[in-house]
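To start, the structure itself, in structure tokens.
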Amino acid sequence: MNITIELAGGAELLFGNQRKHEVTLPESDKQWTMATLLPWIRDNLLQERGELFMQGKSVRPGILVLVNDADWELAGELDYVIENKDNIMFISTLHGG
Amino acid sequence: MNITIELAGGAELLFGNQRKHEVTLPESDKQWTMATLLPWIRDNLLQERGELFMQGKSVRPGILVLVNDADWELAGELDYVIENKDNIMFISTLHGG
Amino acid sequence: TNVVPTTLTNPEILRYGRQMIVDGVGLPGQEGLKKSKVLIVGLGALGCPSSHYLAAAGVGTLGLVDDDVVDASNLHRQILHSEKEIGVHKVDSAISRLHAVNQHVSLIPHKVDLNASNALSIIQQYDLVLDCTDNATTRYLINDCCVLLNKVLVSGAALRFEGQVSTYNYKGGPCYRCINPSPPDPETTLNCFEAGVLGPVTGVVGSLQAAEAIKILASDESAYAGKLMLVCPWDGIMKAIKLRPRRKDCVVCGDNPTVTSPIDYVKFCGSGKNKQYSNAS
Amino acid sequence: TNVVPTTLTNPEILRYGRQMIVDGVGLPGQEGLKKSKVLIVGLGALGCPSSHYLAAAGVGTLGLVDDDVVDASNLHRQILHSEKEIGVHKVDSAISRLHAVNQHVSLIPHKVDLNASNALSIIQQYDLVLDCTDNATTRYLINDCCVLLNKVLVSGAALRFEGQVSTYNYKGGPCYRCINPSPPDPETTLNCFEAGVLGPVTGVVGSLQAAEAIKILASDESAYAGKLMLVCPWDGIMKAIKLRPRRKDCVVCGDNPTVTSPIDYVKFCGSGKNKQYSNAS
Ligand SMILES: [Zn+2]
Ligand SMILES: [Zn+2]
């Protein structure tokens, strides 16, 4: 399954300063959900300490997760089942001005 | 087949000032292409004189056509075969400043 | 000559004519702007363009909050201030420029650092608030006060080469805490002092905030409530993201709020407005 | 103290510090800005914010083209000009404000109406051109001259409550005529005089133009070449549209161009700069 991972708002600094990653997820008996995708991203793409990206089973506070340009809360958050060609975006909430 | 028609840049004024139209195209033996869609739009959605929207078989100069957020030229212009859930956008080129 | 009774004078109609003929504004919309009071919190990179366009558009009253003076390093982005205002209080500089742009606007100075003891009394005097600040602590303060006082909040933020804009607490929509229930660890937060920011990116964000304020005040509708507008001019990316609705369990705007007055935001965020945050890595 | 030899003085480094630390700018980028010359055609609603941010960012030389005087009806959007400049030539007003914002920038007046007989000699003095004009006739003129002189063109347009921005003639990318080979019938064209425009929408567009100019001059890369950036703040819509590549049959930038010098643009477009176009319906 192929998905696009996008980063913005500074979150890209955790991923080698690369804002877009085209990813092929390994085959799995179980469906890929956000709950399984997040640790996979942490273990395979993240280039910084894990706790800068995740806290417990979810993303750390300050990171907003989007599925196909919509808030992941609308898609079921961790329960969302990933589909082929999905665009998953992680945006750091900005505070500057 | 269901598609979304979007208008911008003033083109919406030709369509009752409505910027988004959800449209169900009638069943057809032949495939819907941009070449057949344009006259259908002219005859079914347009609320102004036909020549403000079309010139010959295409749109009049000053209107840019997009298929799923990309220039229709990249999709084959009039030859493009419409797919279900496509987003077709007509944008008037702006000159003001 | 006016045939419809209006509070607008002929010079005002001449001045605002080009915006009044835009659908959704019109004479009623322009009158709506004239009787509105907007609070701009922060006269930095976002407050400068937003307050400029709102003054130019004929918003009747602008409240201006800042406690800082103009510095040379501000000038690449804080466009109300020019070289001769270096060392001048930002509120004074803003009032001078905004008055020169539009004498018809009432400009109310608030030369303070907005905090838990003054925020409610300041915000309650206004109809709409623009968050043009630069730190999480103040953003949570402003949000909570807007919810408590039932004020709409048009919030902008910018850093490096991108910006984010949304409208909170609009007709039952989400508030800032609905989207950001927990503040980030200050150890992981960049800010303008460390990370830098491009001037025109802040111009985009501040202008988007002003456009939304005008829409709300002139036409009683919002463009960004429930959406997050993302602009990254450097990468040529722009998106409008659909956000969650109001959270029923939100601690300030939910069905059973536990925040019923301003809290200790410094403690909540783990930091004050000290801009010396450590870098993310 | 500087350890790397640079053309920037210490006051300049202090002033531009917050943008220099943004990835992609840096000291080399700031020096790139300092040696660049940008032509702003039109000191109206787009030229005002774009020239302001470019001056503030430290572009070395700005050329300013306009032949108009400031009018009260401009003030809701043309933010370089204030009330006391009503009746003053827009170039003079702009120079006064831009110099106050940044004394380090060379400001070159061009108090002319850009036309087929002066455009080439003006444009050839600059590295980059911003189209901030308000009519199709001038836009085709500027495009053709930029192609003929191999200059990059950052073009913005705004009307009512939306804007469009793109970069033309960038490293083999499309030109304005590639996207718009035929001008629209003037009978079907709205313009600011008839249709109105919201000030902050022009602020978004002008700021996007400035951001792109900085990127090109500081980092030798473009964000918008081959894209059309669409902003509609009123509807909360923002998109980056992928455009076609350069057309091999384009009459000015194609493989066999037929336009090899400026043509009669008034005749080509069927109208001059007369703003009294009839409405679309
Ligand atoms: Zn809430
Ligand atoms: Zn071309």
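Letters A, B, ... are given to chains in the order of the sequence lines, protein chains preceding strands, and every chain is numbered from 1. Keep in mind that what you see is a predicted model, and the values were worked out from it rather than measured.
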- Message: Using heavy-atom distances under 4.5 Å, tell me whether D:Leu230 contacts chain C through its side chain, its backbone, both, or neither.
- Response: backbone

- Tightest non-hydrogen contact, residues C:Met238 and D:Val231, listed as CE-CG1, 3.5 Å

- List the steps, then state whether side chain to side chain contact (heavy atoms under 4.5 Å, CB included) holds for D:Val204 with C:Leu208. CA-CA 7 Å; D:Val204 173; C:Leu208 288 173; 3.7 Å; yes

- About how many Å separate OG of D:Ser82 and CD of C:Gln103, when rounded to the nearest 0.5 Å? 11.0 Å

- Message: At a 4.5 Å cut-off on heavy atoms, which part of D:Ser222 comes close to chain C: side chain, backbone, both, or neither?
- Response: neither

- Message: Counting only non-hydrogen atoms closer than 4.5 Å, does C:Asp23 touch chain D with its backbone (N, CA, C, O), its side chain (CB onward), both, or neither?
- Response: both

- Message: Taking side chain as everything from C-beta outward and backbone as N, CA, C, O, which of these in D:Lys239 sits under 4.5 Å from a heavy atom of chain C? Side chain, backbone, both or neither.
- Response: backbone

- Message: Measuring from atom NE2 of C:His52 to atom SG of D:Cys48, what distance do you get when rounded to the nearest 0.5 angstrom?
- Response: 8.5 Å

- Any chance you could measure D:Thr202, atom OG1, to C:Arg18, atom CZ, to the nearest 0.5 Å? 13.5 Å

- Message: Looking at every non-hydrogen atom in both residues, tell me the closest pair between D:Trp234 and C:Ser219 and how far apart they are.
- Response: CZ2-OG, 3.9 Å

- What distance do C:His76 atom NE2 and D:Arg15 atom CZ have between them, rounded to the nearest 0.5 Å? 10.5 Å

- Note on the structure: Whatever's closer than 4.5 Å to a heavy atom in chain C on D:Asn74 counts as neither

- Item | 4.5 Å side-chain heavy-atom contact, C:Pro200 and D:Ile214 | yes

- Query: From D:Gln19 CD over to C:Ser73 OG, what is the distance, rounded to the nearest 0.5 angstrom?
  - Reply: 11.5 Å

- Side chain, backbone, both or neither: which part of C:Glu83 has a heavy atom under 4.5 Å from chain D? both

- Note on the structure: Rounding to 0.5 Å, atoms CG (D:Leu198) and CE (C:Met20) come to a distance of 12.5 Å

